[in-house]
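For reference, the structure discussed in these notes is given below.
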Amino acid sequence: MKTLKILAVALSLAAVFTAGAVWGQKKNSFKTPSSVLHVITVKWTDGATDAQKQAALDGVKAMAAEVPGITNVWLKTLKVQPQGYGAVIAMEFQDKAAFDAYTNNPAHKAWEKVYLPVRQQSTTHDVTN
């Protein structure tokens, strides 16, 4: 009889703990911002050196410091497809107006002088809400 009481208490405590854990979970929260993401996948030229590739990637940071409206950059490639592409560059712009102005910005034009000679091919994806 004493064993049954201990078992009943243990089961009750387990039920309370489980209910609390389930009740305490909240749904995943997310936002749908109006910023613009500009994502570039890069295939380097066959003769591009590691130093040239790094200069192009480092140039993104220098450009972002000069171009109004760039709020974030991502440069550490975790995965890129299709095969043969070696880097991903992602930039976030505060809004579409900032994204539109970026193309003709002098800092962007200066970066292209470093980037374009070592870029064989690229794909670009731009997205917003």
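Everything numeric here is computed off the predicted structure, so don't read it as measured data.
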Applying salt bridge (charged side-chain N to carboxylate O under 4.0 Å, His left out), which residue pairs with at least one partner in residues 27-48 are found, sequence neighbours left out? none
Looking at every non-hydrogen atom in both residues, tell me the closest pair between His38 and Thr124 and how far apart they are. CE1-CG2, 3.2 Å
Who else is in the cluster with Trp44 when I, L, V, M, F, W and Y are joined by side-chain contacts under 4.5 Å? Val36, Ile40, Val42, Leu57, Val60, Met63, Val67, Ile70, Val73, Leu75, Ile89, Met91, Phe93, Phe99, Tyr102, Trp111, Tyr115, Leu116, Val118
Would you say Thr45's side chain and Arg119's backbone share a donor-acceptor pair under 3.5 angstrom? no
Strictly by ring pair (Phe, Tyr, Trp, His ring centres under 6.0 Å), give each pair with a member in residues 72-92 just once, sequence neighbours left out. none
Quick one: CG on Asn104 to NZ on Lys109, what's the gap to the nearest 0.5 Å? 5.0 Å
By side-chain hydrogen bond (donor to acceptor under 3.5 Å, both in side chains), which residues pair with Asp95, not counting sequence neighbours? none
Residues forming a side-chain hydrogen bond (donor to acceptor under 3.5 Å, both in side chains) with Lys96, sequence neighbours excluded: Asp100
Rounded to the nearest 0.5 Å, what separates atom OG1 in Thr123 from atom CD in Gln81? 11.0 Å
Heavy-atom pair of closest approach, residues Pro68 and Asn105: CD-ND2, 3.7 Å
Is there a side-chain contact between Ser35 and Gln94, using heavy atoms and a 4.5 Å cut-off? no
What are the two closest heavy atoms between Glu66 and Ala107, and how far apart are they? CB-CB, 3.5 Å
So, the side chain of Asn129 versus the backbone of Pro33: is there a donor-acceptor pair under 3.5 Å, distance only? yes
Holding to side-chain hydrogen bond (donor to acceptor under 3.5 Å, both in side chains), I want the full list of residues that pass it with Thr49, two or more places apart in sequence or in another chain. Gln52
Hey, could you give me the NZ/OG1 distance between Lys79 and Thr41, rounded to the nearest 0.5 Å? 13.5 Å
